[in-house]
Structures are given as C-alpha cells and as structure tokens.
Amino acid sequence: MKYADVILPLSLANSYTYRIPQDMQAALVAGCSVIVHFGKRRYYTAIVLEVHNRQPQSTLEVKEIYALLDASPVLRRPQLRFWQWLSEYYLCKLGDVYKAALPSGLKLESETAVSCIKDFEAQFPLRPAEQAVLDAFSDGQKLTVSELEKKTGLRNVVSTLSVLLTYGAVEVQEELKKGFAPKLETYVSLSDEYRGHDALQKAFDLLKRAHKQELLLVAYLDLSHILNPTLATEVTKKELLQQSECSVSVLDGLVKRGILKYYDKEVGRLQVHISRLQPPQPLSPDQEKAYADIHESFKIKDVCLLHGITSSGKTEIYIRLISEVLSLNRQVLYLLPEIAITTQITNRLAKVFGDKLLVYHSKYSDNERVEVWNKLRAEKKPLLILGVRSSLFLPFYDLGLVIVDEEHEPGYKQQDPAPRYHARNAAIMLANMHGAKTLLGSATPSLDSYFNALTGKYGLVSLNLRYGNTQMPQIIPVNVKELKRKKIMKDALFSPILIDKITEALNNDEQVILFQNRRGFAPVIECKSCGWVPHCVNCDVSLTFHKFRNQLVCHYCGYTYQLPPVCPECRESDLKMMGVGTEKVEEEIASLFPAAKIGRLDFDTARTRTAYERIIDDFDGGKISILIGTQMVSKGLDFGNVSVVGIINADSLLNYPDFRAHERAYQLMVQVSGRAGRRDKSGTVILQTTQPEHPLIQMVQRFAYQEMAKMQLTERSMFRYPPYYRLIVVVLRSRNEAVLQEQSLLFAAKLREKLGDRVLGPVSPPVTRVQSLHIKKIVLKIEISANISLVRKLLEAVQHEMQMNSAYKQLLVHFDVDPA
Ligand code: ADP
Ligand code: ZN
Ligand code: ZN
C-alpha cells in the first residue's frame with residue numbers, strides 16, 4: 001500500500017496521511033498538488049510532502065486521495081525543504097507556510113460537479129436530506145456542490161453526497177475551475193505556403209489589385225525581418241496595424257486569402273518591453289574594487305555584507321554581479337522591502353536584463369503572480385526575479401545569487417499572520433539550499449548583519465565614496481527647545497533656518513523633503529478643562545485626528561470615530577490638538593509657501609501601487625517641489641534635485657520604547673538625509689530636536705556608523721539582547737483579562753522551570769489591548785549558541801501541557817522568533 005503525507009492549508013498538524021489510489025501511484029510525487037477530503041464538509045487542495053509505504057499508526061480510517069490536480073509538481077525539492085526549515089525555525093505549521101507561499105490562483109478552487117444515476121432505485125427508504133439532494137437534479141443535470149447546497153438549503157450536503165455515493169445514487173466528477181486566466185495576445189505570421197522568395201513573389205502577384213493589402217504585407221515583412229533569419233522576430237497584430245496604418249479589415253482580408261495567419265500567444269503582464277538592451281555601466285575604480293572584494297569574499301564565505309553609503313552605486317555593482325550569474329545559466333533573486341520597489345528600479349534593471357527580468361510584488365494582482373510562478377515552474381532558464389519577501393517561495397530551479405537590498409529594513413520581518421519569518425535570514429537559508437551566495441546591501445546595515453560581519457561569519461565590503469564624488473549632505477542639528485525658550489519658535493513647526501533653506505531651494509528650483517514619522521493631523525486630542533482623551537473602544541490607544549477625513553482614527557485596528565463637538569465628560573468645547581502628524585506639516589507648509597506644489601507620501605495617500613507611484617513620479621518629474629512624508633520617503637529613492645531635507649522632530653524616534661530604537665533612529669535619519677544632494681549637488685539636512693547633544697544625534701551628524709554600532713553592541717551585550725542572544729516571544733491574547741493574567745503566569749512559570757532566568761515576564765506590551773484582545777508577552781532570551789531545536793521541543797512540550805488545561809482554550813497563543 002502506498003501513502004502520501006500531504007500539507008493542508010490549515011494550522012493544525014504539519015501533515016496528514018492519505019492512501020494513494022492505484023491509478024495515481026505512478027504519477028504522484030512529492031510537490032504535486034492533489035484534492036483531498038478533510039473534515040466533514042470540505043475538499044482542499046493539498047501539496048504532497050512525501051510518498052511512502054509506512055502503515056499509519058493512527059487507528060482512524062485513512063482516506064484516499066481524491067484527485068491529482070497536476071502531475072507536474074507545483075513545488076520543486078528545494079522549496080519543500082525550505083518550507084520545512086521555515087516551519088521548524090519560526091515555530092509554525094507547514095500549513096501556515098503553504099498559505100503564505102502560494103498565490104490564490106494556484107490554491108485551485110475545487111468545484112465538485114455531481115450528477116445523479118438515472119436508473120437508481122433505492123432498496124430502502126432514503127432519509128429526507130438524501131431524497132432532497134436527489135430531487136434537486138432535473139434530468140441529466142450536473143450540479144456543483146455549492147449549487148446543491150444552495151438548492152437544497154442543506155449545510156452538510158457533502159456528507160449526504162458521500163452516503164449517496166456509497167448507494168450508487170450519484171456520481172461525482174471533479175471539475176476544477178482554475179483561478180488563473182492567462183493573458184493572450186494575437187500575433188501575425190506568414191502562412192507556410194508563402195515562405196521563401198518564389199512563394200512570396202506569388203503572394204505579391206495575387207495582390208496586384210489590392211494596394212492596401214500589398215502595403216500591409218510589406219509592412220509585415222519589414223517588421224518581422226522574415227527574409228533575414230538572424231533578425232527575424234514575432235509580430236503582434238497591434239504593432240502591425242500601428243506600423244502600417246491599415247485597418248483591421250485590410251489585415252483580415254490578407255488572412256482570408258491565406259497569405260498571413262493569426263495565432264494567439266500567452267504574454268507576460270510583468271515584462272517591461274525594452275527594444276534595445278544596454279550593457280551594464282562601466283564601474284568607477286572604487287566600485288571595481290568593491291566588486292572584486294565581493295568576489296574574493298564569496299570564495300570563502302556564503303554571505304557578504306556590502307556596506308556602501310547612500311548613492312555610492314551599490315545597484316550598479318549588483319547589476320554587474322547579476323549579469324555574471326545569469327551568464328552561468330543560474331537564477332538570481334533580488335529582494336527589496338515592500339515599498340522600495342518602484343518603476344525607478346524596475347526600469348533600471350529592465351534596461352539591462354530585458355525579458356529576463358520578472359517582478360513579484362504583493363501589490364500585483366494574483367494573476368500576475370501566478371504568471372511568474374508558472375514561468376518559473378515551466379522553464380529552467382536564467383532569470384532575474386525582483387521581488388518582495390514573499391518571492392522567497394517561488395519555485396526557483398537553480399539560484400546562483402540572492403541580493404537582499406536595504407537589508408536593515410524592518411519590513412523584511414513578517415508580523416502577522418504566521419509564518420512570522422525574517423526574509424533576510426530566510427533568504428540566506430534558501431541560498432544555502434541552492435548552493436548560492438547571498439549579498440546583503442545597505443548604507444546603514446542592521447546590527448545583526450554587521451555583527452556577523454565583524455565576527456567573520458559574513459564577508460564585509462565597504463564603499464565609502466558617493467558615485468561621481470558627490471559630497472555627503474551637511475547635517476545641521478537645530479535646538480528646538482532653545483528656540484522655544486527664546487520665543488523665536490512658539491507653536492511653529494519649523495525653525496527659521498529650515499524656512500530659510502526651503503525658501504532658498506524653491507528660489508533655485510530645487511526640491512525639498514520633509515520627514516515626520518507620524519501620519520494624520522494630531523496624534524492626541526485632549527480636553528482643555530478636564531483632560532479627557534479619546535480612546536479606541538477596541539484597543540488601548542488614543543486616537544489620531546485626521547483633518548482631511550475629519551475623523552478620529554485608531555492606527556491599530558483602523559476603526560474610525562466622529563470628532564465630538566464638545567468634550568463628552570464636561571461639555572467643554574475647546575479640544576486641544578497635540579502632537580504633529582504629516583497632515584499638519586502639510587497644512588503649515590502650504591500656508592507658509594502658498595505657491596509651492598506640495599505632495600504627501602504616507603500610508604493614507606499611498607494606499608495603492610498606482611497612488612504611490614504617481615506621487616514618486618510627480619516628485620521625480622518636478623511636478624511636486626516639497627514632499628512631506630513618513631519613513632516612506634527614506635526608501636532607496638534616487639531623486640536628482642533635492643537640496644534640502646528637514647527632519648521635523650527627531651525626538652519621537654529617540655524616545656521609542658524598544659531595544660532597537662536607537663539603531664532604527666540612526667538608520668532612518670541617515671537614510672532620509674541620503675535623499676539630499678545626489679548627482680552633482682551637495683545638500684543640507686536640518687535636524688530639529690530638543691536634544692542636540694544626544695550622542696546619537698551627533699553620530700548621525702558625522703555619519704559615524706561604526707561608532708553607533710559599537711555603542712549599541714555594548715548595550716546589547718550588557719542587557720542580553722540580539723545579536724548576542726536570540727529572542728523568542730510567546731504572545732498570548734484573550735478577551736478575558738483575568739484568564740489571560742492567570743494563564744500567562746502559569747505558562748511563564750512552567751517555562752522558567754526548564755529555562756530559568758532566560759524567561760522574562762509575562763509583561764504587558766506598550767499597547768495592552770488591540771482589537772478587543774488583551775495582550776501579554778513572555779520573552780525568552782536564549783544564548784545564540786544554544787541548540788534551537790531543543791528549545792523548540794521544550795516550548796512545544798510546555799504548550800502541550802498548557803493545552804490540558806481548559807482555561808487555556810480561551811487564549812490565542814503564538815510564537816515570534818527573532819521579533820523585529
Ligand atoms: P546606491 O544604490 O548605493 O544608493 P545607486 O546605484 O542608486 O546608489 O547610484 C546612485 C546614482 O549614481 C544613480 O543615479 C546611478 O545611476 C549613478 N551611478 C552609480 N554608479 C554608476 C556608474 N558606474 N556609472 C554611471 N552612473 C552610476
Ligand atoms: Zn472635558
Ligand atoms: Zn483600535
């Protein structure tokens with residue numbers, strides 16, 4: 001007997017065992033997708049993990065695999081291994097990985113078509129539900145399970161059907177509706193009988209009296225280069241009509257005569273069509289050196305960190321490395337954080353790599369993503385995939401290089417739902433499985449990667465000059481406290497020097513970026529007389545006022561409220577707006593510079609890919625001269641004309657309660673500053689703060705990354721934080737605060753029995769309640785050298801023990817490994 005362990009899109013067990021029917025045994029291999037029956041009511045698409053002949057231990061009946069969806073595996077071997085590693089390391093189920101990995105179009109919808117057997121005669125009385133199902137069929141009709149459900153009003157029609165099946169009353173056929181519709185384009189070609197000079201001459205003879213058709217044929221020959229086989233290319237109907245300026249009817253006439261013919265071809269939606277490819281740019285001597293150093297490093301190490309300041313030309317070095325790997329017939333994955341993939345970078349790569357470039361972005365449609373997936377499944381070609389973290393799951397054939405650009409970005413960590421993986425770390429593992437190298441690039445590396453480079457685990461290559469020797473911007477800290485004390489800057493947001501610099505830039509037709517890391521208008525509203533502050537009913541946070549929408553918004557759950565006209569506690573009508581969001585910066589700038597074109601880039605204005613790209617393009621094209629934004633403006637954008645960057649309030653970055661706060665603050669400030677003075681101008685950064693003497697501000701001012709790293713690493717090692725210790729957080733949530741309190745104490749106590757003082761908490765996070773769920777966290781600090789699989793076993797054992805306890809069922813519990 002043969003069995004298959006399959007992965008279901010559920011977070012229960014890792015895999016489930018099914019029997020393989022005789023007729024499927026030859027075709028079914030690991031990585032195939034199949035339809036299985038699970039639970040009472042459902043069919044699922046499952047992925048075969050392993051085929052074996054071990055008799056299952058369980059006493060439960062082992063079901064048969066229902067249907068084989070696709071005999072060519074959806075997953076290649078390395079993908080399956082990668083899934084397993086992810087679920088083990090990040091403490092989640094294979095089903096969680098499955099759900100995250102495949103686009104919906106590949107998790108095929110299963111629409112079971114059923115028909116009833118005509119001459120069926122019951123040997124005994126049928127139950128009402130069974131009769132109802134049979135009655136639903138009119139003659140010879142086929143119905144899907146969902147149609148039957150609607151027609152009969154039965155909830156468990158599937159189980160009724162399976163009974164009827166055993167009676168021989170109905171027949172079931174799987175008809176699978178694919179969620180994916182390929183995009184077709186019509187092409188034109190010369191019919192076979194007119195190929196060759198003589199035959200073609202005959203065609204022209206035929207067209208003597210059809211002048212337009214003759215013109216069109218000439219245009220076709222021109223475009224297709226069919227007479228010169230080395231240049232010959234395919235011609236689309238659209239371009240032929242455009243080029244010849246003929247109407248469709250003329251073309252249809254030629255096709256009717258049998259001289260030309262149409263054919264349809266699946267086309268990629270993702271490819272940028274570039275007619276002439278450009279070779280990579282020649283590298284500057286510094287870039288050459290960095291490039292050679294990376295090569296040297298790859299001889300002895302699998303991972304190399306490229307620490308190159310903003311605008312040093314890291315991308316050009318990537319391009320050189322990519323073309324080298326592609327020429328070896330291997331594939332390349334180029335990872336960027338979600339919001340850093342723009343037309344800018346796509347065009348830059350497409351110019352060099354043409355249709356070898358595929359883009360995989362979560363804001364693309366599902367169809368587009370299925371297209372990339374299928375292309376990689378079908379072809380073993382050298383391709384470059386530019387993608388966000390989920391592109392790690394694509395079915396690569398042979399990766400030779402993985403580039404993780406802006407590797408310091410917290411966006412690489414998936415927060416919710418599981419798998420809560422870190423794409424940078426997962427990329428290194430994936431590369432390993434392919435025998436590929438990983439290049440991490442950043443102007444402000446994460447301390448984790450930098451530490452690995454310092455300790456020799458990774459190679460380290462630095463690039464300390466901007467391309468073309470452009471100067472780094474001058475950073476001017478401005479003491480806002482002092483200015484307020486001297487009444488120079490009362491309630492204003494902008495210091496006089498910032499206003500001067502903006503004025504100067506606008507006069508010179510240069511651009512300005514203003515960075516404020518809070519969106520909305522006023523983060524807090526307070527009643528002037530009683531101090532009442534509006535809070536979200538679902539979450540334990542105060543609400544942010546969005547003036548544009550005239551609403552109070554909860555930034556944790558998205559819930560919106562009307563702004564009350566008076567204080568609900570004391571009827572006071574004077575509600576004070578406190579704090580500063582991007583909307584407020586925009587309003588004030590507009591009143592100071594009424595003639596300037598202003599744009600705002602934050603979560604509210606850039607909800608869709610097109611909205612985001614429009615703002616970027618408008619700024620790039622000079623339609624916007626002052627761009628205000630949250631950390632979105634710091635993302636690897638390359639603008640040529642920005643001379644001033646203003647950091648409105650650095651304090652909020654410094655005072656954030658997190659062990660990574662200072663590392664992040666440094667990265668953000670340096671990255672935003674990096675937008676100033678690219679190409680041939682050096683720029684100015686005005687950094688407003690109440691703590692200009694703060695060591696971190698001074699390090700930003702001097703771009704003293706190494707100093708910052710040293711200071712932070714000392715702190716981290718003292719307080720047992722990464723990169724010296726590995727953090728695993730147990731997150732417990734419940735509607736019932738008392739049960740949560742009690743159960744989390746118990747959970748922590750049980751962990752402490754085994755792990756001692758490596759266990760901290762339970763503690764309440766800064767926001768103690770989100771979406772009506774109270775939250776507690778237990779933090780584990782594990783020595784980096786400890787055996788992680790032992791820790792995992794221990795955690796799972798404790799969780800198992802906790803599950804014995806009925807109150808625990810009121811909790812939602814998950815693990816967060818290496819939280820960001
Ligand atoms: P980084 O990725 O390090 O921030 P980029 O690769 O975006 O830097 O380079 C910054 C600017 O310098 C870009 O406009 C890029 O086109 C230009 N540049 C960098 N290297 C070269 C080169 N070797 N030849 C021509 N232009 C270059
Ligand atoms: Zn009040
Ligand atoms: Zn809320």
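Every number for a ligand or one of its atoms is a count from 1 in the order of the listing.
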**Carboxylate-amine/guanidinium proximity below 4.0 Å for Arg519 and Asp602** = no
**Request:** Output the list of atoms in ligand 1 that are nearer than 4.0 Å to some heavy atom of Leu283, sorted by atom number.
**Result:** 23 (N)
**Request:** Could you tell me which atoms of ligand 1, counted from 1 in the order shown, lie closer than 4.0 angstrom to a heavy atom of Arg348?
**Result:** 5 (P), 6 (O), 7 (O), 9 (O), 15 (C), 16 (O)
**Request:** Please determine if the Zn ion (ligand 3) has an N/O/S atom from Cys536 lying under 2.8 Å away.
**Result:** yes
**Message:** Using a 4.0 Å cut-off to any heavy atom of Lys314, which atoms of ligand 1 qualify?
**Reply:** 1 (P), 2 (O), 3 (O), 4 (O), 6 (O), 8 (O)
**Request:** Step through the shown structure and confirm whether more than 12 heavy atoms of other residues, nucleotides or ligands are within 6.0 Å of CZ on Arg614.
**Result:** no
**Message:** I'd like the name of whichever of Gly468, Ser311, Gly441, Ser284 reaches closest to atom 10 (C) of ligand 1 through any heavy atom.
**Reply:** Ser311
**Prompt:** Would the number of heavy atoms belonging to other residues, nucleotides or ligands and lying under 6.0 Å from NZ of Lys584 be above 12?
**Reply:** yes
**With the Zn ion (ligand 2) as the apex, the SG/SG angle for Cys527 and Cys567 - to 10°** = 110°
**Request:** Verify the neighbour count for atom OH of Tyr556: are there more than 12 heavy atoms of other residues, nucleotides or ligands below 6.0 Å?
**Result:** no
**Message:** I'd like to know whether ligand 1 has Ser312 as a neighbour, heavy-atom separation below 4.0 Å.
**Reply:** yes
**Complete:** ligand 1 atoms nearer than 4.0 angstrom to some heavy atom of Thr315 are 2 (O), 5 (P), 6 (O), 7 (O)
**Message:** Taking the six-membered ring of Tyr412 as reference, does the cationic atom of Arg424 (NZ for Lys, CZ for Arg) lie under 6.0 Å from its centre and within 45° of its axis?
**Reply:** no
**Request:** Check the side chains of Asn538 and Tyr559 for a donor-acceptor pair under 3.5 angstrom, ignoring hydrogens and angles.
**Result:** no
**Within-shell test, Gly674 vs ligand 1, heavy atom, strictly < 4.0 Å** = no
**Message:** If you count every heavy atom of other residues, nucleotides or ligands that lies below 6.0 Å from Arg571 atom CZ, does the total exceed 12?
**Reply:** no
**Asked** Which part of Gln287 is near ligand 1, with near meaning a heavy atom under 4.0 Å away: side chain, backbone, both or neither?
**Response** side chain
**Request:** Run the numbers for me: atoms of ligand 1, each under 4.0 Å from some heavy atom of Pro282, listed by number.
**Result:** 22 (C), 23 (N), 24 (N)
**Centroid separation Tyr666 to His662 less than 6.0 Å** = no
